[in-house]
2 protein chains.
Amino acid sequence: MDKVRFGIIGIGNIGTVHARYLLAGEITQACLTAVCDNNPDKHAAIRQLVGNDVPIFSEAQALLESGLVDAVIVATPHYDHPALSMMAMRRGIHTLCEKPAGVYTAQVEEMNACARECDVVFGIMYNQRPNPLYQKVKDLIDSGELGEIRRSNWIITNWYRSQSYYNSGGWRATWKGEGGGVLLNQDPHQLDLWQWLVGMPVRLRAFCQFGKHRQIEVEDDVTAYAEYANGATGVFITTVAETPGTNRLEIVGDRGKVVVENGTLQFWRLRESEPAFNARWDQGFGEPECWQVDIPTGPECSDHQKITANFAAAILHHTPLIAPGLEGIRGLTLSNAMHLSTWTDDWVALPFDAQRYLALLQARVASSQEKHVQSRTLDASGSW
Amino acid sequence: MDKVRFGIIGIGNIGTVHARYLLAGEITQACLTAVCDNNPDKHAAIRQLVGNDVPIFSEAQALLESGLVDAVIVATPHYDHPALSMMAMRRGIHTLCEKPAGVYTAQVEEMNACARECDVVFGIMYNQRPNPLYQKVKDLIDSGELGEIRRSNWIITNWYRSQSYYNSGGWRATWKGEGGGVLLNQDPHQLDLWQWLVGMPVRLRAFCQFGKHRQIEVEDDVTAYAEYANGATGVFITTVAETPGTNRLEIVGDRGKVVVENGTLQFWRLRESEPAFNARWDQGFGEPECWQVDIPTGPECSDHQKITANFAAAILHHTPLIAPGLEGIRGLTLSNAMHLSTWTDDWVALPFDAQRYLALLQARVASSQEKHVQSRTLDASGSW
């Protein structure tokens with residue numbers, strides 16, 4: 001095989017994005033050979049999108065068993081990600097799951113167990129991981145340039161969404177349809193990058209506000225505080241109602257500091273570590289010598305194509321995955337823990353009881369109201 | 001009177017700063033006519049500082065009753081601020097109290113009651129209030145340019161202090177001697193500015209860490225989350241162990257955003273308010289038109305001289321105070337609440353029970369250990 005034949009399950013906002021670049025031939029080792037959407041009302045519009053040569057299925061199983069695809073991108077509403085991914089993996093179809101991996105960790109644990117049993121490539125669409133800015137931050141941390149991590153702070157409030165966005169789909173921003181709000185839909189990239197860069201906390205305390213700015217059931221404003229095994233602390237702040245939003249990540253180690261904001265990376269490096277300076281300094285006031293360093297990075301880039309191309313290369317040539325599917329549970333663990341901390345108005349120690357979370361989620365699902373709105377596909381270009 | 005005759009009670013790090021600019025004649029409407037320090041071992045050094053014409057007292061009462069002063073700056077360790085201020089006010093001496101107003105709100109309530117009874121000018125050394133940057137932020141908020149406040153975030157970690165700083169005085173950073181750490185000693189300006197700009201919260205949840213980075217009893221690392229009556233949220237992050245530290249204040253309203261960092265103010269202004277845009281927008285993705293505005297400000301400046309000159313002008317000409325002494329309780333209320341939230345591992349609603357705080361503080365004071373170190377005066381220039 002010299003090209004991986006891709007199917008896409010779910011042709012909504014993001015499925016449309018994947019279809020377009022695959023159809024445009026932007027990924028040399030991939031082509032689009034089938035799509036699936038369980039809403040027949042959309043098939044005429046999908047036909048316009050994919051042309052006459054790509055079959056359109058209404059049932060995922062039929063697509064997976066058609067013999068037309070080697071791999072699928074699962075781009076449905078979040079709740080269905082694990083079940084559809086497992087359905088694909090069990091049929092030997094390589095699976096690239098959209099974020100989030102699922103809605104609650106119990107279902108993602110099951111998906112991960114399935115992935116370990118199946119001989120397929122399993123990836124997750126964390127298209128911010130290959131962003132050169134975050135790659136460089138990861139490099140600075142892994143190579144010890146920042147020293148031991150002391151504190152992180154991510155203000156990620158540039159996910160502005162108007163009420164009309166929420167009204168574009170009845171499932172959106174409901175407990176039943178989506179299982180969460182900004183944490184589940186907009187923030188999975190940042191939650192993943194946060195843990196990818198500074199690790200998983202040992203406990204956190206979060207303050208989610210539900211339907212504060214928008215007429216939705218789920219959280220639209222969150223502040224979370226996290227503590228790590230080495231004593232480091234972290235803060236994560238997000239909302240959909242701020243404009244102009246902020247996207248500023250600061251990570252402080254005992255040898256330096258890095259800030260990613262406005263598409264640039266700023267790096268300060270201490271000539272000696274803070275503890276070493278503190279141990280020898282006897283003058284009261286004073287700080288170690290610090291260099292502000294211009295460090296080369298590529299321009300900010302979060303193309304989905306990079307993840308899809310890497311995934312195809314993993315299938316064809318065993319190239320290591322940038323975003324292994326098994327790691328999808330980590331960011332979800334953070335968002336589930338933030339809900340749980342708010343619902344219980346208490347600390348959540350990690351790992352938490354996945355069944356307890358599920359029970360509390362299900363109580364909300366039971367009283368969840370689907371919005372009665374006209375479903376429509378929005379142009380999501382530039383929205384991730 | 002054409003010049004206010006000042007005394008200074010307490011000639012430590014900061015009292016020395018006040019003495020220098022008064023002696024240098026930098027404040028045309030003020031002069032230094034007496035000083036007091038209760039440590040006779042320091043009097044020889046103080047004589048070097050103030051020259052032969054300024055009497056040095058060992059007892060505050062003797063200075064206050066000497067007839068030599070119209071006003072005093074109280075620059076002793078924090079616990080003594082209220083008692084010494086009251087002693088001065090009851091003798092008709094105008095009183096400019098160093099920050100913090102005191103260590104616990106119960107004693108500051110008493111001081112404020114005294115101030116209301118005495119016919120003197122009562123100020124507090126909040127020398128960041130006249131800083132042109134914060135003056136402009138205050139102007140933007142008060143004039144409605146930012147709209148209704150939604151969120152604030154202050155990362156104020158550029159208070160680096162080495163262990164040798166803490167070892168410079170036995171009282172420093174002990175519950176008995178200082179009654180707190182970074183919140184009481186370094187952050188009073190930011191805590192005051194925070195409430196001056198965005199108001200007082202209705203409740204907060206704080207995470208103080210005590211003696212985490214330094215061998216001290218009190219907090220050296222704090223993250224606090226606050227909620228306001230209108231639904232706004234805020235985060236305040238501080239530590240003494242980060243280098244290079246950050247000092248970044250972000251305030252978001254429903255008409256714009258302001259960021260103060262690196263001595264500059266950035267201002268973004270929406271052409272229509274976020275709620276107005278949200279109400280009319282029907283296109284899903286999209287944001288209101290936003291202007292990044294270059295707005296003139298004077299250069300950053302936090303000279304104590306401005307507060308002292310304003311205080312003298314208030315005495316001589318009834319000029320309104322930039323920092324009325326009665327407002328000193330607000331920032332202290334925030335820091336007490338942050339301690340209390342940590343000690344009780346719970347929310348603190350404001351106003352809290354001042355006696356409960358005092359009881360919990362006294363329990364810590366009872367087991368507090370003065371450090372056995374050689375006391376010395378450090379050069380504090382540029383440290384505020």
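Residue numbers begin at 1 in each chain, while the letters A, B, ... track the order of the sequences.
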Notebook entry, point to check: Are Glu287(B) and Arg161(A) ion-paired here, with the side-chain N under 4.0 Å from a carboxylate O?
Noted result: no
Note to self: Less than 4.5 Å to any heavy atom of chain A: does that hold for the side chain of Asn153(B), its backbone, both, or neither?
What the structure shows: side chain
Next item on the list: If the plane angle is over 60° it's perpendicular, under 30° parallel, otherwise tilted; pick one for Tyr160(B) and Phe277(A).
Entry: tilted
Notebook entry, point to check: Given a strict heavy-atom distance threshold of 4.5 Å, which part of Gln292(B) is in contact with chain A: side chain, backbone, both, or neither?
Noted result: neither
Note to self: I need the Phe285(A) CZ to Asn13(B) CG distance, nearest 0.5 Å.
What the structure shows: 5.5 Å
Checklist line | Top contributor to chain B interface from Gly256(A), Gly231(A), Cys290(A), Pro244(A) [non-hydrogen pairs under 4.5 Å] | finding: Pro244(A)
Next item on the list: Can you establish whether the number of heavy atoms outside Asp294(B) located under 6.0 Å from its atom CG is more than 12?
Entry: no
Check: Just by distance, do the side chain of Ser162(B) and the backbone of Asn278(A) share a donor-acceptor pair under 3.5 Å?
Finding: no
Checklist line | Which atoms of Asp345(A) approach chain B - backbone, side chain, both or neither, heavy atom under 4.5 Å | finding: side chain
Notebook entry, point to check: For the residue pair Gln283(A) and Ser164(B), what are the closest heavy atoms and their distance?
Noted result: N-OG, 3.5 Å
Next item on the list: State the CG-CG distance between Asn167(B) and Asp282(A), to the nearest 0.5 angstrom.
Entry: 10.5 Å
Note to self: Strictly below 4.0 Å, N to O, side chains only: are Glu242(A) and Arg150(B) in salt-bridge contact?
What the structure shows: no
Item checked: Polar contact flag, side-chain donor to acceptor under 3.5 angstrom, Glu250(B)-Thr246(A) -> yes
Notebook entry, point to check: What part of Ala279(B) gets closer than 4.5 Å to chain A, counting heavy atoms only: side chain, backbone, both or neither?
Noted result: neither
Note to self: Please classify the contact between Arg151(B) and chain A as side chain, backbone, both or neither, with a heavy-atom cut-off of under 4.5 Å.
What the structure shows: side chain
Checklist line | Max heavy-atom pair count under 4.5 Å with chain B, selected residue of Val252(A), Thr157(A), Thr243(A), Asp221(A) | finding: Thr243(A)
Note to self: Given heavy-atom pairs under 4.5 angstrom as the criterion, report whether the side chain, backbone, both or neither of Arg248(A) touches chain B.
What the structure shows: side chain
Note to self: Would you say that more than 12 heavy atoms from the other residues, nucleotides or ligands in this model lie under 6.0 Å from the CD of Glu272(B), or not?
What the structure shows: yes
Check: Hey, what do you get for CD1 (Ile155(A)) to CD1 (Ile155(B)), rounding to the nearest 0.5 Å?
Finding: 5.5 Å
Margin query: Tell me which of these, Trp281(A), Trp268(A), Phe207(A), has more heavy-atom pairs under 4.5 Å with chain B than the rest.
Written below: Phe207(A)
Checklist line | Passing option when Tyr225(B) is tested against Ile237(A), Val235(A), Thr223(A) for side-chain contact (heavy atoms from CB on, under 4.5 Å) | finding: Thr223(A)
